[in-house]
Novice: 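Before we start, here is the structure in question, set down as structure tokens.
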Amino acid sequence: MTSGQRKIYDEILDAVNEERGGMFFVSGFGGTGKTFLWKLLSAAIRSRGDIALNVASSGIAS
Ligand SMILES: Nc1ncnc2c1ncn2[C@@H]1O[C@H](COP(=O)(O)OP(=O)(O)OP(=O)(O)O)[C@@H](O)[C@H]1O
């Protein structure tokens, strides 16, 4: 992870771990690792048996 990805990763996982909830909008230029980051977060949450659902409001995000 880059330092920027790590910062976002920690912030979101802290919110999950502390059951705080929240909304996080991750933006950045194309190819800067947004999808990569969401995949890491999903894997971290699923690896401990919790459920992570990735959804998108358009048909173009993956
Ligand atoms: N920290 C990282 N270490 C290694 N590879 C990375 C890292 N972050 C991103 N990548 C790689 O860089 C490429 C682009 O990343 P990604 O698809 O996540 O970008 P994106 O911001 O979602 O792009 P877009 O906005 O165009 O959809 C991918 O091949 C991804 O695996």
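Both counts, for ligands and for their atoms, begin at 1 and track the order of listing.
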Novice: May I ask whether atom 14 (C) of ligand 1 is less than 4.0 Å from at least one protein heavy atom?
Specialist: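 Yes, because at least one protein heavy atom sits under 4.0 Å from atom 14 (C) of ligand 1.
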Novice: Check whether any side-chain heavy atom of L40 sits under 4.5 Å from a side-chain heavy atom of M1, and report yes or no.
Specialist: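 They are in side-chain contact.
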Novice: Quick one: nearest non-hydrogen protein atom to atom 19 (O) of ligand 1, plus distance?
Specialist: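 Minimum-distance protein heavy atom for atom 19 (O) of ligand 1 reads G33 N, 3.1 Å.
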Novice: Of the protein's non-hydrogen atoms, which lies at the shortest distance from atom 3 (N) of ligand 1, and what is that distance?
Specialist: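 For atom 3 (N) of ligand 1, the nearest protein heavy atom comes out as F36 CZ, 3.7 Å.
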Novice: What is the minimum heavy-atom distance between T32 and Q5, and which atoms define it?
Specialist: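 That would be O-NE2, 3.8 Å.
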Novice: Taking C-beta and beyond as the side chain, do I51 and I45 meet within less than 4.5 Å on heavy atoms?
Specialist: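 A side-chain contact under 4.5 Å is absent here.
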Novice: Could you check whether D10 pairs with R6 (Lys NZ or Arg NE/NH1/NH2 to Asp/Glu carboxylate O, under 4.0 Å)?
Specialist: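 Yes, this pair counts.
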Novice: Please write down residue, atom name and distance for the protein heavy atom closest to atom 1 (N) of ligand 1.
Specialist: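 Residue, atom and distance for the closest contact: Q5 OE1, 2.8 Å.
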Novice: Does any N/O atom on G30 come nearer than 3.5 Å to any N/O atom on ligand 1?
Specialist: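 No; the residue has no nitrogen or oxygen that sits under 3.5 Å from a nitrogen or oxygen of the ligand.
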Novice: Considering only heavy atoms of T2, which atoms of ligand 1 have at least one such atom less than 4.0 Å away?
Specialist: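 Once the distances to T2 are compared, the set is 1 (N).
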Novice: Can you tell if the side chain of L41 reaches within under 4.5 Å of the side chain of F36, non-hydrogen atoms only?
Specialist: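 L41 does not reach F36 side chain to side chain.
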Novice: To the closest 0.5 Å, what do you measure between CZ (R20) and CD1 (I12)?
Specialist: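 So the gap between those two atoms works out to 11.0 Å.
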Novice: Enter the distance from K39:NZ to N54:CG here, rounded to the nearest 0.5 Å.
Specialist: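 Output value for this atom pair is 9.5 Å.
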Novice: Give me the nearest non-hydrogen protein atom to atom 17 (O) of ligand 1 as residue plus atom name, then the distance to 0.1 Å.
Specialist: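 Checked against all protein heavy atoms, atom 17 (O) of ligand 1 sits closest to T35 CB, 4.0 Å.
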Novice: Check whether any protein heavy atom sits under 4.0 Å from atom 29 (O) of ligand 1.
Specialist: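 False for atom 29 (O) of ligand 1.
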Novice: Which of the atoms in ligand 1, numbered in the order shown and given with their element, are less than 4.0 Å from a heavy-atom of T32?
Specialist: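 Near T32, meaning under 4.0 Å from one of its heavy atoms, ligand 1 has 19 (O), 21 (O).
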Novice: Considering non-hydrogen atoms of the protein only, which is the closest contact for atom 21 (O) of ligand 1, and what is the distance?
Specialist: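 For this ligand atom, the closest protein heavy atom is K34 NZ, 2.7 Å.
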Novice: Check whether any N or O atom of G28, backbone or side chain, sits under 3.5 Å from an N or O atom of ligand 1, and answer yes or no.
Specialist: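 No; the residue has no nitrogen or oxygen that sits under 3.5 Å from a nitrogen or oxygen of the ligand.
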Novice: Is there a side-chain contact between T2 and K7, using heavy atoms and a 4.5 Å cut-off?
Specialist: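 In short, these two side chains do not touch, never coming nearer than 4.5 Å.
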Novice: Write out the residue and atom name of the closest protein heavy atom to atom 24 (P) of ligand 1, then the distance separating them to 0.1 Å.
Specialist: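 Nearest protein contact, heavy atoms only, for atom 24 (P) of ligand 1 is G31 N, 3.6 Å.
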Novice: Counting from 1, what ligand 1 atoms have a heavy atom of M1 closer than 4.0 Å?
Specialist: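 That gives atoms 1 (N) of ligand 1.
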Novice: CZ of F24 to CG of L37: how many Å apart, nearest 0.5 Å?
Specialist: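 Nearest 0.5 Å value for the CZ-CG distance: 11.5 Å.
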